[in-house]
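Data first, discussion second: the structure below is written as structure tokens.
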Amino acid sequence: MDSTDLIILGAGLAGLCAAVEAGEQGASVLLLEKQPDVGGSSLLSGRYMAFAGTPMQQEKGLDDSSQALIDDMMSVGGGVNDRELVDAYGAHQLETYHWLVDHGVEFKSLQAVSGHSIPRGHTIDSDQAIGTLFQRAQELPNVTIYLDAPAKRLLSDAAGRVDRVYYEMDGEARITLAEKGILLTSGGFSQSEELLAQFAPHLKSALRIGGLGNKGDGLLMAWEHGAWIRELPYLNGTYGFHPTADGPIKHQGLAFYKGAIIVNGNGKRFVNESLSYKLLGNAALKQPNGVSYQIWDQTVMDQSVPGDKLYDFDKLANHGLVYQANTLEELARDIDIDPATLKQTVSEYNEAIKTGSDPFGRKTLTHNYGELIPIENGPFYAFRTTVAMLATYAGVAVNTKAQVINPYQEPVLGLYAAGEIAGGFHGAGYMTGSSLGKASVFGRIAALSALGLDVQRSEKTSKSSS
Ligand SMILES: Cc1cc2nc3c(=O)[nH]c(=O)nc-3n(C[C@H](O)[C@H](O)[C@H](O)COP(=O)(O)OP(=O)(O)OC[C@H]3O[C@@H](n4cnc5c(N)ncnc54)[C@H](O)[C@@H]3O)c2cc1C
């Protein structure tokens with residue numbers, strides 16, 4: 001039987017970070033990817049990564065720290081996230097940012113994004129980032145990568161240690177032995193109708209837009225070997241997508257984090273727009289016929305960020321997806337809402353933000369960042385918006401070494417998990433950038449732990465986050 005030190009299942013961001021880290025440590029690695037191409041959901045992502053204390057922030061005079069990031073993460077997660085996992089992220093996030101930069105990943109810009117009390121959304125170009133890490137993995141002579149090679153089952157030895165992967169390639173069944181560990185980096189189950197129907201029936205009408213291979217295979221394989229599961233009750237969709245986003249282009253716009261309001265098909269607001277877009281998604285799905293629109297004015301439009309996945313409102317308009325009108329009444333007619341109601345909704349909102357008495361409790365643009373601005377400067381814009389199931393987050397229980405654990409908190413010997421497949425980290429809410437962030441941080445941790453190496457805090461990390 002073939003053997004190798006590590007077998008990694010899934011070549012998204014977590015799997016590629018793990019493969020490169022392990023390969024550079026001298027381990028022999030077999031990386032299996034089910035799809036014909038690498039990248040998974042990581043390649044489709046909105047591209048934000050949550051890091052604190054970075055040189056990009058320092059250049060903008062932003063004083064941030066790992067501790068502040070941890071505090072925001074716990075607050076957004078409603079305190080039900082696993083504090084030890086969040087602390088581990090805090091301890092290794094800056095070191096991982098530098099690791100990615102050292103490996104050629106380019107961070108393009110910095111934005112204020114959902115859930116953060118300071119601009120912390122570091123954008124990557126996912127093609128560039130995934131392409132660079134994939135190339136590095138291919139250059140390492142001790143890393144073997146098989147595409148179109150779905151893992152099917154895990155096998156264990158007589159002592160219960162998970163040590164072999166049964167997979168398929170070129171129409172053949174194969175089994176390879178992992179001497180040091182098997183890493184599950186196979187993503188979530190946002191494309192599994194069966195698992196979504198079981199665990200998130202409330203998301204039946206949400207669009208499905210995650211990586212095509214993300215059907216929860218790793219979860220099923222881990223469950224068979226006794227893994228516990230975490231965060232299933234907090235499965236949410238993400239608000240901000242155009243109804244056509246399940247097609248080839250994932251049109252998305254979050255004008256509400258720049259000052260837009262959200263109204264339902266009756267022209268009424270129904271939520272505090274500064275909340276996490278996961279919570280907005282829950283609120284939007286409960287509206288009559290699931291219909292809602294973002295409404296904004298020229299002041300917000302002027303904040304369009306060219307090329308940004310979330311904030312390029314001009315691009316959405318150029319694609320014909322944004323309604324534009326000189327008055328709110330005309331806009332209302334265009335979107336089939338009663339003009340008087342929409343006008344009243346906007347004027348009540350403008351008045352409420354002047355007096356600081358918004359009935360939905362909105363005080364800021366995102367989380368607790370950014371000053372609200374009235375919607376009064378025409379032309380006015382509307383963007384039909386819906387909810388998408390793009391990432392599941394709930395997943396196998398892991399400890400801070402990324403070891404998969406059973407319901408009694410004991411490691412399932414030989415088995416590690418990182419990235420979207422791992423639960424426990426986000427808690428009841430979700431902050432932008434924490435999923436790609438977690439994939440990179442814990443992908444590296446999983447590889448090093450499986451090799452019996454400590455994840456050292458780099459000098460850079462200790463200096464910058466102290
Ligand atoms: C449209 C969109 C926008 C997003 N925006 C953001 C954002 O801005 N910031 C953020 O932090 N997160 C974002 N996310 C979420 C984030 O992209 C994912 O949670 C993250 O990329 C998961 O990384 P991963 O490596 O764990 O999984 P993936 O990148 O999904 O990789 C998993 C891989 O495993 C493979 N696989 C599955 N089963 C098997 C098997 N049996 N055998 C072998 N291989 C298998 C899959 O084919 C896939 O390639 C977004 C997601 C989407 C879809």
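Counting starts at 1 for both ligands and their atoms, in listed order.
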* Say whether Gly218 and ligand 1 are in contact under the criterion: heavy-atom distance to a ligand atom below 4.0 Å. => no
* Between the main-chain N or O of Gly437 and the side-chain N or O of Ser440, is there a donor-acceptor pair closer than 3.5 Å? -> yes
* To do: Could you tell me which atoms of ligand 1, counted from 1 in the order shown, lie closer than 4.0 angstrom to a heavy atom of Pro150?
  => 42 (N)
* Would you please say whether a donor-acceptor pair under 3.5 Å links the side chains of Thr123 and Ser109? => yes
* Asked: Which of the numbered atoms in ligand 1 are below 4.0 angstrom from a heavy atom of Gly213?
  -> 37 (C), 38 (N), 47 (O)
* Asked: Can you list the atoms of ligand 1 that are under 4.0 Å from a heavy atom of Gly39?
  -> 29 (O)
* To do: Work out whether the distance between some heavy atom of Gly211 and some atom of ligand 1 is less than 4.0 Å.
  => no
* **Derivation of the salt bridge (charged side-chain N to carboxylate O under 4.0 Å, His left out) call for Arg120 and Asp72** => CA-CA 11 Å; Arg120 226 181 247 142; Asp72 280 352; 2.8 Å; yes
* Look at ligand 1 and say whether Phe189 reaches it with a heavy atom at a distance under 4.0 Å. => no
* To do: Examine the proximity of ligand 1 to Val38 and report which part, side chain or backbone, both or neither, has a heavy atom under 4.0 Å away.
  => neither
* **Close N or O approach (Tyr393, ligand 1; < 3.5 Å)** => no
* To do: Under 4.0 Å, heavy atoms only, figure out whether ligand 1 is touched by the backbone of Arg47, its side chain, both or neither.
  => backbone
* Asked: Atoms of ligand 1 less than 4.0 Å from Gly419 heavy atoms?
  -> 26 (O)
* Without swapping roles, check the side chain of Arg208 against the backbone of Ala206 for a donor-acceptor pair under 3.5 Å. => yes
* Do Tyr430 and Thr238 get their side chains close enough for a donor-acceptor pair, meaning under 3.5 Å? -> no
* Write out the residue and atom name of the closest protein heavy atom to atom 49 (O) of ligand 1, then the distance separating them to 0.1 Å. => Glu33 OE1, 2.7 Å
* Ignoring hydrogens and angles, state whether a donor on the side chain of Tyr89 or Ser434 is under 3.5 Å from an acceptor on the partner side chain. => no
* To do: Any atoms of ligand 1 less than 4.0 Å from a non-hydrogen atom of Asn214? List them with their elements.
  => 30 (O), 46 (C), 48 (C)
* **ligand 1 contacted by Lys250 (non-hydrogen, < 4.0 Å)** => no
* To do: Going by heavy-atom distance to atom 1 (C) of ligand 1, choose the closest among Thr432, Leu44, Leu9, Ile8.
  => Leu44
* Donor-acceptor pair, Gln128 side chain versus Glu106 backbone, under 3.5 Å? -> yes
